[in-house]
Amino acid sequence: MRKKMTEQEKLVITKYDLFYEQRITRVESIVENLKDDAKEIKTDLRWILGLMISFSTIIIGIMAKGFHWI
């Protein structure tokens, strides 16, 4: 047999439902921010990798010239 809910129980459930909804909204916004940050990091890593390869090539060229390999 199911008993009826009191007004206080209804308020408590509603209050926790609102807290739950707020938490879900925060999590969704955090996930969206993480997606945007991941795209930016991917772009930054490409730039860093390109710069590292470029500078390594320049240094190897200078070393080759200095040791008369060329």
Side-chain angles (χ1 to χ4, degrees):
M1 192 181 243
R2 190 172 176 180
K3 71 175 191 175
K4 289 188 174 184
M5 291 178 27
T6 64
E7 281 298 316
Q8 185 180 6
E9 289 174 335
K10 287 179 183 179
L11 289 174
V12 168
I13 289 174
T14 304
K15 183 174 90 174
Y16 287 118
D17 286 342
L18 290 175
F19 287 144
Y20 181 74
E21 187 175 334
Q22 288 174 349
R23 288 180 178 174
I24 292 297
T25 304
R26 283 189 214 147
V27 169
E28 288 173 347
S29 65
I30 289 171
V31 168
E32 289 297 320
N33 289 337
L34 287 175
K35 285 181 184 178
D36 294 339
D37 291 345
K39 289 177 188 174
E40 290 178 26
I41 289 172
K42 188 176 179 181
T43 304
D44 291 345
L45 288 176
R46 287 181 183 164
W47 273 101
I48 290 172
L49 182 63
L51 288 173
M52 287 174 56
I53 291 171
S54 300
F55 286 129
S56 298
T57 305
I58 291 169
I59 289 175
I60 289 172
I62 291 172
M63 287 175 59
K65 182 79 169 170
F67 289 117
H68 303 290
W69 294 340
I70 299 178

CD/Q22: more than 12 non-hydrogen atoms of other groups inside 6.0 Å: yes
Could you list the cluster mates of [X]? Members are the ILVMFWY residues connected by side-chain heavy atoms closer than 4.5 Å, either directly or through other members.
X   : value
Y20 : I24
L45 : I41
V27 : V31

Listing, residues 56-70 side-chain donor-acceptor contacts under 3.5 Å, not counting sequence neighbours, or none:
| from | atom 1 | to | atom 2 | distance (Å) |
| --- | --- | --- | --- | --- |
| S56 | OG | M52 | O | 2.8 |
| T57 | OG1 | I53 | O | 2.8 |

Value rounded to 0.5 Å, distance of CD1 in I30 from OG1 in T25: 11.0 Å
Any residue meeting side chain to side chain contact (heavy atoms under 4.5 Å, CB included) with E32, in chain and number order, not counting sequence neighbours: K35
